[in-house]
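First the proteins, then the strands, lettered A, B, ... as listed; each starts at 1.
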Protein chains: 2
Amino acid sequence: MNRRGSTGNGTTRRRARSGPITIEDVAAKAGVSAATVSRTLNGNYPVATATRSKVERAVRELGYVVNAHARALAGNTTRTVGIVVNDVIDPFFAYIARGVEREATGRGRLCLIAATQGDSRRELALVDLLHEQRADAVVLVGGAYDDPTFTKQMTKRAEALAAAGSVLVLCGRPSLGPDVPTVQVSYDNEGGAAAITDYLIGAGHRRILYLGGPTALSTTAARLAGHRRALAARGIPVEEDLIQTGEFGRRFGYHRLRELLAAGIDATAVFAANDMVAAGALEALTEAGLRVPADLSLVGYDDLPVAAEVAPGLTTVHVPLEEMGREAIRLALAEEDSDTNAAPGSSIMVGTHIVTRASVGPPAAGRPLRRQS
Amino acid sequence: MNRRGSTGNGTTRRRARSGPITIEDVAAKAGVSAATVSRTLNGNYPVATATRSKVERAVRELGYVVNAHARALAGNTTRTVGIVVNDVIDPFFAYIARGVEREATGRGRLCLIAATQGDSRRELALVDLLHEQRADAVVLVGGAYDDPTFTKQMTKRAEALAAAGSVLVLCGRPSLGPDVPTVQVSYDNEGGAAAITDYLIGAGHRRILYLGGPTALSTTAARLAGHRRALAARGIPVEEDLIQTGEFGRRFGYHRLRELLAAGIDATAVFAANDMVAAGALEALTEAGLRVPADLSLVGYDDLPVAAEVAPGLTTVHVPLEEMGREAIRLALAEEDSDTNAAPGSSIMVGTHIVTRASVGPPAAGRPLRRQS
DNA sequence: GTGAAAGCGCTAACAA
DNA sequence: TTGTTAGCGCTTTCAC
């Protein structure tokens with residue numbers, strides 16, 4: 001409905017209309033052709049200065065705003081990128097999203113964002129939706145689903161995207177397989193974990209409780225792997241009682257450590273799988289009347305804001321999340337912009353480093369540790 | 001480049017092509033017309049069951065993905081909404097963004113997001129960009145700019161959007177004026193501030209330090225106004241020394257309170273203009289060896305995650321941020337979907353309530369308070 | 001229930 | 001430097 005009449009209009013005057021202002025309207029008002037208006041607006045073609053000002057004036061007076069969809073359709077270029085996250089609140093995702101948004105904006109792209117709420121089917125549907133939008137790149141962040149069916153379905157979408165000249169970017173999540181056309185941005189998850197475990201060992205700790213993080217998912221299981229590796233490298237036996245995996249949230253850290261404390265734990269330090277878990281652990285410790293780091297040392301992972309906000313500040317592994325988001329777009333658009341379909345799937349790994357705050361000290365004497373009084 | 005050849009193809013067979021798969025390809029494969037494919041896909045028109053399955057099969061086998069831009073152009077419907085925030089990291093914005101994203105997704109819309117980084121000119125440019133995208137609604141969140149030129153420019157955009165059948169939504173930010181076509185979602189900023197001040201008074205406090213928040217911007221100045229109003233209502237004189245406005249960040253809370261503590265302050269409670277400031281204040285207090293709430297009570301505003309994360313938990317004013325985001329989209333799309341151009345600018349105010357945690361107690365005896373030792 | 005045809009608003013050859 | 005002319009891929013009358 002509300003379509004403009006055909007051009008077969010009896011009068012020679014501009015036809016009276018109510019619809020949106022189009023490039024034709026601007027052209028008419030400026031006394032030039034639509035092509036000239038287009039060229040002026042896009043500035044990718046020589047236009048006489050006088051013509052240019054006439055056009056600009058007409059645009060201003062008419063309040064003309066180009067229709068991005070018409071442009072996308074005709075020009076075969078959308079100037080948008082998509083990002084799919086678990087949840088826009090979670091700082092882990094939010095920082096990556098910030099990097100994506102900033103880099104995209106810097107390259108003149110708008111950013112489509114969608115949240116899965118941890119639902120893998122929604123994730124697939126959202127990738128489709130972003131494909132429909134013909135986004136120049138679709139970035140998938142963190143939190144993968146460890147399910148072969150899912151992997152197959154996502155692989156199909158990666159291929160479809162690639163066939164359509166776009167690209168699926170895996171940001172901080174496991175690969176879909178060697179032959180799947182994706183771009184990958186990862187960080188040294190295992191290395192960071194090994195480094196901070198080694199840091200704890202260097203501070204004199206031998207009995208370190210590993211707390212939190214799912215057991216299965218490869219990306220995050222890497223942290224535990226790094227922990228084990230560091231222990232092994234120093235010849236410290238791994239005691240399975242000291243490996244307490246579970247979830248990634250603050251609540252898990254609080255509750256599990258609370259239980260452990262009630263039973264009494266024989267450890268001098270806690271390595272929480274991420275800062276959220278660490279914050280929960282700290283709460284349990286404080287509640288139990290235990291001081292950090294005097295009674296127990298504590299480290300986290302990710303270097304989220306909460307690590308700096310708790311008291312004492314958390315020594316943790318810094319992950320350059322925002323940088324990863326930027327890198328995701330850089331890589332994706334590099335493939336895109338350089339017309340070469342050459343690079344079948346570039347991939348990059350960013351480094352991590354330890355941020356020292358106040359939560360680590362030498363091992364305390366008395367053990368096992370229990371809730372006080 | 002890469003355009004398909006004209007239809008004047010010598011052969012009767014499907015022409016060999018490499019370009020994207022279009023609705024025509026699906027139609028050919030299913031042995032129906034493009035119109036039928038369209039109707040099947042949109043499900044808004046009767047299609048024979050047999051035909052439907054043929055089409056669905058063709059879609060699946062070809063891996064066809066509809067082109068949203070072509071659809072938008074032809075159907076005059078984009079199914080996207082836009083949101084402009086200061087920064088995607090800031091929980092205040094992130095929660096509202098979550099509401100917008102969820103409500104939009106629930107209504108089959110995709111969400112375009114962009115961040116201003118506090119730059120008003122960027123904000124104007126981003127609204128233009130979202131207009132180009134023909135977003136069904138453009139939501140502007142918080143952080144307004146107190147500048148008549150800016151207001152005029154944004155007003156122009158609100159009008160342009162309205163003329164184009166879209167709508168500008170002001171979410172938690174001041175009105176552009178009575179005649180500007182916008183939708184507004186606000187919260188009871190002043191009421192919340194009055195309520196929590198009254199809560200403090202009820203707990204026995206008479207000398208309350210108000211800390212943080214810009215002096216100028218109307219939205220946030222409302223908090224100070226509410227504070228004053230509650231004091232006045234109880235007949236407590238306002239002492240200007242106890243009004244310490246400034247910024248909205250954690251750093252401000254920390255540094256300003258630290259200075260005040262060094263000089264000694266004669267107050268029994270602190271009302272921080274938001275939870276960030278409160279967190280900073282708490283840090284300064286802890287560092288000074290003062291206990292909350294034993295030595296000093298402390299309240300915040302917004303009920304951001306940090307309020308629950310610090311120890312002791314902050315008693316604060318809960319602002320239903322996510323709900324505001326949802327409401328923004330509901331209102332905007334209600335105007336949109338009900339074709340009535342009737343509602344010139346609906347507006348809604350959501351309520352706030354106090355969340356009680358552990359940071360408020362009875363007034364301490366000894367005063368003035370100083371840094372200990 | 002289905003097809004043919006027109007056109008959404010723009011860009012990109014190709015001429016001039 | 002500018003205008004003319006085809007479409008981009010889809011939806012939607014209007015017929016049948």
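The residues B/E101 and B/R98 are annotated as not salt-bridged, no charged nitrogen and carboxylate oxygen being separated by less than 4.0 angstrom. A salt bridge links B/R173 with B/E123: at least one charged nitrogen is closer than 4.0 Å to a carboxylate oxygen.
Of the candidates C/dG1, C/dC10, D/dG9, the closest approach to any side-chain atom of B/A48 belongs to C/dG1. The nucleotide whose nearest atom lies closest to any side-chain atom of B/T51 is, among D/dG9, D/dT1, C/dT2, C/dT2.
Between B/T36 and C/dT2, a side-chain N or O to OP1/OP2 separation shorter than 4.0 Å is absent. In terms of phosphate contacts, A/S33 brings a side-chain nitrogen or oxygen within less than 4.0 Å of OP1 or OP2 of D/dG3. Contact annotation: B/S38 reaches the phosphate of D/dT11 (side-chain N/O to OP1 or OP2, under 4.0 Å). For A/N76, no side-chain nitrogen or oxygen approaches OP1 or OP2 of C/dT11 to under 4.0 Å.
With contacts defined as side-chain heavy-atom distances shorter than 4.5 Å, the pair B/V59/B/L41 qualifies.
Taking only distance into account, the side chain of B/R134 never meets the base of C/dG9 through a donor-acceptor pair shorter than 3.5 Å.
Residues B/A70 and B/V47 each lie close to DNA chain C; by heavy-atom proximity, the contact nearer the 5' end of the strand is made by B/V47.
As a whole-Å value, the separation of B/N67 CG from C/dG9 P is 17 Å. When the P atom of C/dA13 is taken as reference, atom CG of A/N42 falls 13 Å away, rounded to whole Å. The distance from atom CG of B/L41 to atom P of D/dT11 is 7 Å, rounded to the nearest whole Å. C/dA15 atom P lies 15 Å from atom CZ of A/R39, rounded to whole Å. Atoms CD (B/E24) and P (D/dG7) sit 13 Å apart, rounded to a whole Å. Between the CD atom of B/E132 and the P atom of C/dC8 there is a distance of 20 Å, given to the nearest Å. Remark: C1' of C/dA12 and OH of A/Y45 are 8 Å apart, rounded to the nearest angstrom. Taking atom OH of residue B/Y64 and atom P of nucleotide D/dG9, one finds them 10 Å apart after rounding to whole Å.
In summary, the side chains of A/N42 and A/R71 do present a donor paired with an acceptor at a separation below 3.5 Å, with no hydrogens or angles considered.
Counting any heavy atom pair closer than 4.0 Å across all strands shown, A/A35 reaches a base atom.
Aromatic ring pairs are classed by plane angle as parallel below 30°, tilted from 30° to 60° and perpendicular above 60°; the pair B/H69 and A/H69 is tilted.
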